[in-house]
Amino acid sequence: MRTGLARRVLAAGLVSLVAVAGCGVRPSDVIRAGDPPSGRVAPPSGRVAPTTTITLYLVKNGRLSAVTRPSDRPMFQADTLVLLAAGPTAREQAHGLTTDVPPEAGPFSVTAEPAGHLVVTLSTPAGELSTLAVEQIVCTTAATAPESPAQVTIVGAGQSVGPRNCPG
């Protein structure tokens, strides 16, 4: 009995060895397959990948600070000013960023004049804006301008400030 079992185990081992050795796969060197895949990584399901970034000029320690935010779509210049008036995100606030642009300054409109000049129209008197608020609006608007450097004039309630360039 023992020799019968031993023969069967030996026979099964030999059959397995022959099957593995005879499958036709020969050893080889590393086979090059080209560059690794590249491109955007798909976002987790349910989220939209940002397609662009927007630049806002917020205030930190009394000075302008450029902040970029991801956006899932290109934005109109007036839309970026709405974000500016809405203020910093919680994360930006944690880094000490604020805004001097009052929320009631919106809605905004931005019109392009010849030779790289932009006019921002506010809903509040332009002359009542702080110096930092004016610089925030000028720099944020200029950052979205196709021509650089852009001059920006701020108009609101019959008052005008500028034209000005971003001091940055």
Side-chain angles (χ1 to χ4, degrees), residues 29-168:
D29 292 333
V30 174
I31 300 171
R32 299 271 176 207
D35 294 330
S38 63
R40 295 184 143 206
V41 176
S45 72
R47 293 185 60 195
V48 177
T51 57
T52 188
T53 58
I54 54 172
T55 301
L56 302 176
Y57 282 83
L58 297 174
V59 177
K60 184 174 185 177
N61 299 325
R63 306 180 85 177
L64 289 187
S65 180
V67 174
T68 57
R69 292 183 185 172
S71 176
D72 60 349
R73 62 181 170 82
M75 299 187 85
F76 292 105
Q77 292 167 320
D79 294 336
T80 60
L81 295 174
V82 170
L83 294 174
L84 190 63
T89 63
R91 186 175 184 187
E92 292 164 345
Q93 286 177 351
H95 286 90
L97 294 161
T98 62
T99 185
D100 260 24
V101 177
E104 61 271 10
F108 301 91
S109 67
V110 179
T111 54
E113 301 286 326
H117 185 220
L118 301 168
V119 176
V120 175
T121 304
L122 313 174
S123 300
T124 57
E128 295 180 7
L129 292 173
S130 69
T131 301
L132 279 173
V134 169
E135 290 177 351
Q136 283 185 270
I137 292 170
V138 168
C139 291
T140 299
T141 304
T144 62
E147 294 180 29
S148 183
Q151 285 194 319
V152 179
T153 298
I154 302 172
V155 176
Q159 299 177 357
S160 176
V161 176
R164 294 197 178 168
N165 292 324
C166 181

_Does any part of the side chain of Arg69, heavy atoms only, come nearer than 4.5 Å to the side chain of Thr53, both counted from C-beta?_
no

*Taking it one step at a time, do Val120 and Thr153 satisfy side chain to side chain contact (heavy atoms under 4.5 Å, CB included)?*
CA-CA 6 Å; Val120 175; Thr153 298; over 6 Å; no

_Sub-4.5 Å side-chain heavy-atom contact between Val119 and Val110_ = no

_Residues forming a side-chain contact (heavy atoms from CB on, under 4.5 Å) with Ala112, sequence neighbours excluded_ = Leu118

*Just wondering, do Ile154 and Val134 contact through their side chains at under 4.5 Å, heavy atoms?*
yes

*Value rounded to 0.5 Å, distance of CG in Leu129 from CD in Glu135*: 11.5 Å

*asked:* For residues 93-114, which residue pairs pass the salt bridge (Lys or Arg N to Asp or Glu O under 4.0 Å) check, not counting sequence neighbours?
replied: none

_Do Leu132 and Tyr57 make a side-chain contact, defined as non-hydrogen atoms from C-beta onward lying under 4.5 Å apart?_
no

*Closest non-hydrogen atom pair between Ala85 and Pro102, with its separation*: CB-O, 3.8 Å

*Got a second to check how far Cys139's SG is from Leu56's CG, nearest 0.5 Å?*
11.5 Å

*Could you tell me the separation between the NZ atom of Lys60 and the CG atom of Leu97, rounded to the nearest 0.5 Å?*
5.5 Å

*From Phe108 atom CZ to Leu84 atom CG, the distance as rounded to the nearest 0.5 Å*: 7.0 Å

*Judged by atom type as modelled, is there a donor-acceptor pair below 3.5 Å linking the side chain of Thr99 to the main-chain atoms of Leu58?*
no

*What do the steps show when you test Arg73 against Asp79 for side chain to side chain contact (heavy atoms under 4.5 Å, CB included), and what is the final call?*
CA-CA 11 Å; Arg73 62 181 170 82; Asp79 294 336; 4.0 Å; yes

*Drop me the distance from Gln136's CD to Cys166's SG, to the nearest 0.5 angstrom.*
11.0 Å

*Is any side-chain heavy atom of Leu83 less than 4.5 Å from a side-chain heavy atom of Met75?*
yes

*asked:* Please check this pair: side chain of Ser71 against backbone of Pro74, looking for a donor-acceptor N/O pair closer than 3.5 Å.
replied: no

*Which heavy atom in Ala150 sits nearest to a heavy atom in Asn165, and how many Å separate them?*
O-OD1, 3.3 Å

Pair up each side-chain donor or acceptor in residues 155-164 with any protein partner under 3.5 Å, not counting sequence neighbours, and list the distances.
unit_1, atom_1, unit_2, atom_2, d
Gln159, OE1, Gly127, N, 2.6

_Considering all heavy atoms, the nearest Thr141-Gln77 contact_ = O-NE2, 4.0 Å

_Quick check: closest heavy atoms across Ala143 and Thr55, and the distance to 0.1 Å?_
CB-CB, 4.2 Å

